[in-house]
Q: 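What follows is a single structure, and I will ask about it in a moment.
As the structure is a computational prediction, the values presented were derived from the model and not from experiment. Counting from 1, the numbers follow the sequence of the chain as shown.
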Amino acid sequence: MPLKKSTPDFILIIATLFLLAIGLIMVYSASAVWATYKFDDSFFFAKRQLLFAGVGIIAMFFIMNIDYWTWRTWAKIILIICFVMLLMVLVPGVGMVRNGSRSWIGVGAFSIQPSEFMKLAMIAFLAKFLAERQKYITSFKKGLVPSLSLVFIAFGLIMLQPDLGTGTVMVGTCIIMIFISGARISHFAGLGILGVLGFVGLILSAPYRIKRITSFLDPWSDPLVSGFQIIQSLYAIGPGGLFGLGLGQSRQKFFYLPEPQTDFIFAILSEELGFIGGTLVLLLFALLLWRGIRIALGAPDLYGSFLAVGIISMIAIQVMINIGVVTGLMPVTGITLPFLSYGGSSLTLMLMAVGVLLNISRYSRY
């Protein structure tokens with residue numbers, strides 16, 4: 001593609017690195033007590049997160065220099081590899097079980113979560129599909145059904161693990177991409193009804209999901225089991241007040257809030273840094289999303305626009321779900337907070353996605 005390459009979006013880089021730095025500090029603060037008790041090393045989780053961050057930053061700057069239309073060429077192969085990895089996870093002896101979900105593949109002392117990488121692979125492939133078949137997108141049979149078929153096959157494999165949270169983020173991201181591409185609202189209305197019925201079916205098919213819904217509506221009805229995490233999260237956020245208890249001064253990380261360095265890290269951040277700290281993080285996310293939208297609007301071709309929209313949608317959905325869960329506005333889903341929560345696959349995937357976005361920004365006209 002004969003386009004002139006410019007400098008990447010500096011504001012996007014700064015927002016990402018600030019979020020990453022806050023995440024590293026909070027992972028240590030939130031996990032120190034638990035890490036000392038379990039591994040006799042208060043820095044256990046922080047050191048691993050620092051390693052993941054280092055790998056992720058290298059990947060981000062490396063990918064930033066790979067022309068984004070390269071992913072269009074390799075999108076199908078990358079998607080096939082991710083499908084194979086999703087199938088491997090389901091094989092006993094290959095897939096690792098944690099907290100009732102078989103979602104990881106062991107690699108030496110570490111593990112990877114294929115469903116995380118499937119999200120980015122699906123975004124890259126769907127952006128290619130939508131760009132190439134733009135004239136068919138208003139057709140139900142030629143546009144909407146083919147574009148959603150692979151999405152729901154991947155969703156089905158992810159649900160076999162099961163991992164409703166990751167599957168929901170992937171499907172939500174793809175639906176936004178398809179909607180932005182020009183699909184008819186009437187088609188979405190019909191599929192939306194089927195989707196709601198299917199979602200209700202998934203919830204009713206597993207007793208633990210029903211408990212999550214009931215605990216979300218009234219966590220105090222079962223305060224020691226299904227409502228425990230939400231209640232402890234609110235107990236963390238409430239005392240934080242305007243300025244917080246101070247960095248490292250959280251009370252809920254003392255074995256009240258289970259593994260606070262992962263899904264509920266925002267609760268610990270709010271407890272220690274207060275409303276001011278929580279607002280700062282949300283403003284950084286807002287800044288990141290704003291720059292992403294500008295990049296999508298200024299991309300030189302449809303593929304770049306759809307790819308940027310997919311990446312920004314994925315980040316936005318995860319942030320909204322995670323914050324919603326932590327503040328008691330949504331049921332517990334197991335969704336991490338991008339750039340802040342502990343987790344190698346999630347952090348690396350997010351930084352790789354930002355790398356793709358930065359490359360698109362080098363060609364954007366905005």
Q: Below 4.0 angstrom, N of the basic side chain to O of the carboxylate: do Arg294 and Asp9 qualify?
A: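 The answer is no: the pair does not qualify as a salt bridge.
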Q: Among pairs that include at least one residue of residues 306-321, which meet salt bridge (charged side-chain N to carboxylate O under 4.0 Å, His left out), considering only residues two or more places apart or in two chains?
A: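 Pairs touching residues 306-321 that pass the test: none.
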Q: Not counting sequence neighbours, list each pair that qualifies as a ring-ring contact (aromatic ring centres under 6.0 Å, His included) and has a residue in residues 74-98.
A: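 Non-adjacent pairs meeting ring-ring contact (aromatic ring centres under 6.0 Å, His included): zero.
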Q: Sequence neighbours left out, what passes side-chain hydrogen bond (donor to acceptor under 3.5 Å, both in side chains) with Ser31? Give chain and number order.
A: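 side-chain hydrogen bond (donor to acceptor under 3.5 Å, both in side chains) check on Ser31 returns nothing, list empty.
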Q: Does atom CZ of Phe39 have more than 12 heavy-atom neighbours from other groups under 6.0 Å away?
A: yes
Q: Any side-chain heavy-atom pair from Arg291 and Ile312 closer than 4.5 angstrom?
A: no
Q: For the residue pair Asp67 / Tyr363, report whether a side-chain donor-acceptor contact shorter than 3.5 Å exists.
A: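 The answer is yes; a qualifying pair exists.
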Q: In terms of hydrophobic clusters joined by side-chain contacts under 4.5 Å, are Ile265 and Leu50 together?
A: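 No, Ile265 and Leu50 fall in different hydrophobic clusters.
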Q: Sequence neighbours left out, what passes side-chain hydrogen bond (donor to acceptor under 3.5 Å, both in side chains) with Thr336? Give chain and number order.
A: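 With neighbours one apart ignored, the set is Ser346.
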Q: Got a sec, which residues hit ring-ring contact (aromatic ring centres under 6.0 Å, His included) with Phe285, two or more places apart in sequence or on another chain?
A: none
Q: List, one per line, each side-chain donor-acceptor pair under 3.5 Å for residues 230-246, sequence neighbours excluded.
A:
from, atom 1, to, atom 2, distance (Å)
Gln232, OE1, Gln252, NE2, 2.6
Ser233, OG, Val326, O, 2.7

Q: In terms of side-chain heavy atoms, does Asp263 have a donor or acceptor partner in Gln229 at a distance below 3.5 Å?
A: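 Gln229 and Asp263 do not have a side-chain donor-acceptor pair below 3.5 Å.
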Q: When you check the gap from the basic side-chain N to the acidic O, do Lys253 and Glu271 get nearer than 4.0 Å?
A: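 Between Glu271 and Lys253 there is no salt bridge, as every charged N stays at least 4.0 Å from the carboxylate O atoms.
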Q: Does anything in residues 295-346 pair up under ring-ring contact (aromatic ring centres under 6.0 Å, His included), and if so which pairs, sequence neighbours excluded?
A: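 The answer is Phe45-Tyr342.
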Q: Name all residues meeting the ring-ring contact (aromatic ring centres under 6.0 Å, His included) criterion together with Tyr28; count only those two or more places apart in sequence or in a different chain, and write none if there are none.
A: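 Result, ring-ring contact (aromatic ring centres under 6.0 Å, His included) vs Tyr28: Phe43.
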Q: Ser103: what forms a side-chain hydrogen bond (donor to acceptor under 3.5 Å, both in side chains) with it, not counting sequence neighbours?
A: Gln161
Q: Quick one: do Ile123 and Val356 satisfy side chain to side chain contact (heavy atoms under 4.5 Å, CB included)? Show the steps, please.
A: CA-CA 11 Å; Ile123 289 170; Val356 175; over 6 Å; no
Q: Partners of Thr16 by side-chain hydrogen bond (donor to acceptor under 3.5 Å, both in side chains), sequence neighbours excluded?
A: none
Q: Just jot down the salt bridge (charged side-chain N to carboxylate O under 4.0 Å, His left out) partners of Lys76, sequence neighbours excluded, or say none.
A: none
Q: Can you confirm whether more than 12 heavy atoms, excluding those of Phe44, are under 6.0 Å from its CZ atom?
A: yes
Q: Just so I know, are the side chains of Thr168 and Ile335 near enough to count as touching, which here means a heavy-atom distance under 4.5 Å?
A: no
Q: According to the salt bridge (charged side-chain N to carboxylate O under 4.0 Å, His left out) rule, which pairs have a member within residues 118-134, sequence neighbours left out?
A: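 Passing the test, one end in residues 118-134: Arg72-Glu132, Glu116-Lys119, Lys128-Glu132.
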